[in-house]
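Inspection log for the structure reproduced underneath, given as structure tokens.
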Amino acid sequence: MDTLLSYVLLLGTLSFFGYVGYTAAAERKMDSDTYMSARGSQSWQRIGLSLFASGMGIWILFGPSEVGYYGGFWDVVGYALSSATPFMLLAYVGPLIREKLPYGVTLADYVSMRLGRPMQVYVGLISVLYMFTFLFAEFTAIGKAMDILAGMEPIVPMVAVAAVTAAYTAYGGLPASLQTDRWQAWMILWLVIALLLILFGADLGSLIDDAKAYNPEDEWSIGSMSYMDSFRSGLALVVAITAAEMFSQGNWQRTWASESDEALRKGSFLAAGLVLPLVFVMGVLGTVAAGQGAAEDPSAAFFYLIEDAGVLLIAAFVVLAVALVCSSADTLQNAVVASISRDLSNGSMQLGQARIATIAMMPIAIYLATTIDALSVFEIFLFADLLAAATVAPVLLTLWDRVSSKGALIGAVAGPLSVVAYGAWTADVSTGVDYIFHPTNEWGLANLEVFVSALVGSAAVTVAGSYAMPDEVA
């Protein structure tokens with residue numbers, strides 16, 4: 001693809017989103033609460049499209065197809081389910097938390113009310129670690145995608161996307177992100193549907209045959225939709241990603257941005273209904289790539305299917321890639337600042353400081369995106385996922401009135417200790433400690449037993465500790 005055309009598409013798409021974000025903020029009076037919550041302003045359609053767009057980062061062009069390339073049927077199903085289950089859980093849990101805390105912004109706001117300041121800080125730290133890793137991973141991915149699609153130097157799209165999204169998010173906060181989400185959601189839907197119709201319309205029979213075939217060249221790649229023995233790793237993905245996404249504060253900001261509980265429920269189900277089939281199809285395309293032979297870069301398995309496409313298709317993918325990264329980047333920027341402001345600094349950050357923080361984090365994110373390789377990013381994600389799995393049960397169990405603050409805090413501590421105990425039981429203590437930082441199996445995939453031990457251990461200790469140490473009744 002012509003380099004000049006790729007720059008025009010990149011800058012043109014970014015300029016459009018920058019204009020949309022700016023006008024959304026210019027239309028309203030901005031205070032700290034509006035900046036971080038846009039409280040009670042969104043209908044169910046807007047919430048659904050926003051949750052969908054903010055969840056659909058550029059990872060969708062890399063993650064599902066790589067999982068499909070390596071794992072086969074159940075890994076593809078697990079990845080698709082893990083992308084939708086956080087929204088389904090939000091549809092149930094969100095209204096309950098809204099009822100108990102009508103004026104929250106983040107999940108840790110609710111944690112503070114039920115479990116106190118120390119637990120709020122802990123949840124805030126997990127949230128920031130997870131979201132910031134997600135943010136610089138998105139910058140890494142857009143650099144890689146533009147290099148593959150247009151031969152563009154990766155640092156150029158990284159800096160351009162960071163500058164534009166930080167500018168309109170710093171100015172307009174959550175209202176700007178919500179407004180751009182709607183445009184991005186429709187662009188993503190129409191472009192993805194059109195592109196998939198082109199791919200599947202070319203030779204559907206051959207695609208199905210390749211999806212069923214086993215990789216003839218790469219022994220590490222199972223990569224077949226006929227392979228049914230990857231249930232455990234597929235389930236591990238559901239546990240790990242669902243737990244982690246509960247600490248993605250962008251979802252919780254949209255909980256309070258919904259105009260009603262019904263809007264939140266319907267919007268969450270809409271997002272889940274859009275995400276699940278899209279991720280599933282992208283995963284299947286990874287198995288198609290595997291059936292055609294070894295890929296030099298399995299994380300880019302999907303791109304091997306379009307390497308001979310015409311310039312119009314490549315141009316559409318450039319626009320799609322920019323829309324995808326902007327839809328998640330602006331959400332993460334505002335959500336990280338909201339978590340720092342509300343959870344770590346205890347609400348002391350002023351609006352001007354929040355805007356400065358939004359811009360100031362970008363050089364750090366770009367630096368990490370250019371220096372940490374994909375394997376290290378995956379390991380950081382899994383570490384954050386495990387901390388989330390060890391904490392999500394104590395947090396959500398607080399919806400049960402008998403859970404005490406001491407019981408939940410001890411339960412959260414017991415989660416990682418349960419992982420150590422599992423490692424000591426199956427091997428030795430050093431293995432258990434290593435599982436905390438590397439919760440993977442011999443294939444380098446998420447280890448189901450490790451994540452389940454964190455989840456079950458933290459839940460059991462939370463319940464037992466709450467009965468043993470109930471909160472004092474005032």
Side-chain angles (χ1 to χ4, degrees), residues 36-38 47-60 63 79 81-94 97 104-111 120 122-139 141 165 169 174 177-178 181 184-185 237-258 264 267-268 271-272 274-275 279 324-344 358 361 365 377 380-392 395-396:
M36 293 182 186
S37 75
I47 284 295
L49 291 174
S50 181
L51 288 170
F52 167 71
S54 61
M56 286 292 95
I58 198 170
W59 60 267
I60 195 174
Y79 207 109
L81 284 174
S82 69
S83 301
T85 47
F87 299 133
M88 292 186 282
L89 192 57
L90 188 68
Y92 174 72
V93 174
I97 290 181
V105 173
T106 68
L107 178 63
D109 278 334
Y110 168 73
V111 170
Q120 180 189 21
Y122 181 64
V123 170
L125 287 171
I126 294 175
S127 300
V128 170
L129 172 63
Y130 174 69
M131 292 186 294
F132 199 77
T133 302
F134 201 154
L135 180 61
F136 75 73
E138 284 288 287
F139 289 150
T165 54
T169 306
L174 186 59
S177 178
L178 290 166
D181 279 347
Q184 288 153 356
L237 285 173
V238 176
V239 175
I241 297 176
T242 300
E245 276 295 298
M246 295 309 293
F247 292 86
S248 182
Q249 299 308 319
N251 293 341
W252 292 103
Q253 287 176 290
R254 284 154 180 78
T255 296
W256 281 285
S258 303
L264 176 59
S268 298
L274 293 173
V275 166
V279 175
L324 284 167
V325 73
C326 289
S327 66
S328 59
D330 59 16
T331 295
L332 291 165
Q333 289 161 358
N334 189 249
V336 168
V337 169
S339 196
I340 293 173
S341 173
R342 302 282 295 201
D343 310 330
L344 303 186
T358 302
M361 76 172 80
V377 172
I380 295 171
F381 263 129
L382 281 182
F383 173 63
D385 289 351
L386 184 63
L387 292 180
T391 312
V392 69
V395 170
L396 295 184

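Note that the structure is a prediction, hence the values are computed from the model and not measured. Positions are given from 1, in the same order as the sequence printed here.
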Can you find a heavy atom in the side chain of [X] that is under 4.5 Å from one in the side chain of [Y]?
| X | Y | result |
| --- | --- | --- |
| Y122 | L387 | yes |
| L51 | L274 | no |
| M246 | W252 | yes |
| V93 | T255 | no |
| D109 | Q120 | yes |
| I97 | L107 | yes |
| L135 | M361 | yes |

How long is the span from the [atom1] atom in [X] to the [atom2] atom in [Y], to the nearest 0.5 Å?
| X | Y | atom1 | atom2 | result |
| --- | --- | --- | --- | --- |
| N334 | T165 | CG | OG1 | 11.5 Å |
| D385 | Y130 | CG | OH | 6.0 Å |
| Q253 | S37 | CD | OG | 8.0 Å |
| Q333 | M131 | CD | CE | 12.0 Å |
| N251 | L89 | CG | CG | 10.5 Å |
| F134 | F381 | CZ | CZ | 5.5 Å |

Specify the closest pair of heavy atoms between [X] and [Y], including all atoms of both residues, with the distance to one decimal.
| X | Y | value |
| --- | --- | --- |
| T242 | P86 | CA-CG, 4.0 Å |
| G124 | S339 | O-OG, 3.8 Å |
| L324 | M56 | CD2-O, 3.1 Å |
| L174 | A257 | CD2-CB, 4.5 Å |
| A38 | L178 | CB-CD1, 3.7 Å |
| T391 | F247 | CB-CZ, 3.8 Å |

Practice prompt. Could you verify whether a donor N or O on one side chain and an acceptor N or O on the other, from E138 and S328, lie under 3.5 Å apart?
Written response: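 Note: E138 and S328 side chains meet the donor-acceptor criterion.
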Worksheet item: Judged by modelled atom types alone, do T331 and R254 share a side-chain donor-acceptor pair under 3.5 Å?
Response: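 Yes, because at least one side-chain N or O of T331 sits under 3.5 Å from a partner of the opposite role on R254.
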Fill in: A53 backbone acceptor or donor facing S327 side chain under 3.5 Å
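Side chain of S327 to backbone of A53: a pair is present.
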Worksheet item: Do side-chain atoms of S50 reach the backbone of I47 as a donor and acceptor pair under 3.5 angstrom?
Response: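 No, the answer is negative, given that no donor and acceptor are paired below the 3.5 Å cut-off.
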Practice prompt. Given side chain to side chain contact (heavy atoms under 4.5 Å, CB included), test D330 with Q184 step by step and report yes or no.
Written response: CA-CA 11 Å; D330 59 16; Q184 288 153 356; 4.0 Å; yes
Worksheet item: Could you go step by step and tell me if D343 and T106 meet the side-chain hydrogen bond (donor to acceptor under 3.5 Å, both in side chains) rule?
Response: CA-CA 8 Å; D343 310 330; T106 68; 2.8 Å; yes
Worksheet item: For A84, what residues pass the side-chain contact (heavy atoms from CB on, under 4.5 Å) criterion, not counting sequence neighbours?
Response: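 M88, A272, L276.
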Discussion item. Once ring-ring contact (aromatic ring centres under 6.0 Å, His included) is applied, do any residues pair with F132, and if so which ones, sequence neighbours excluded?
Written reply: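 So F132 forms no ring-ring contact (aromatic ring centres under 6.0 Å, His included) with any residue.
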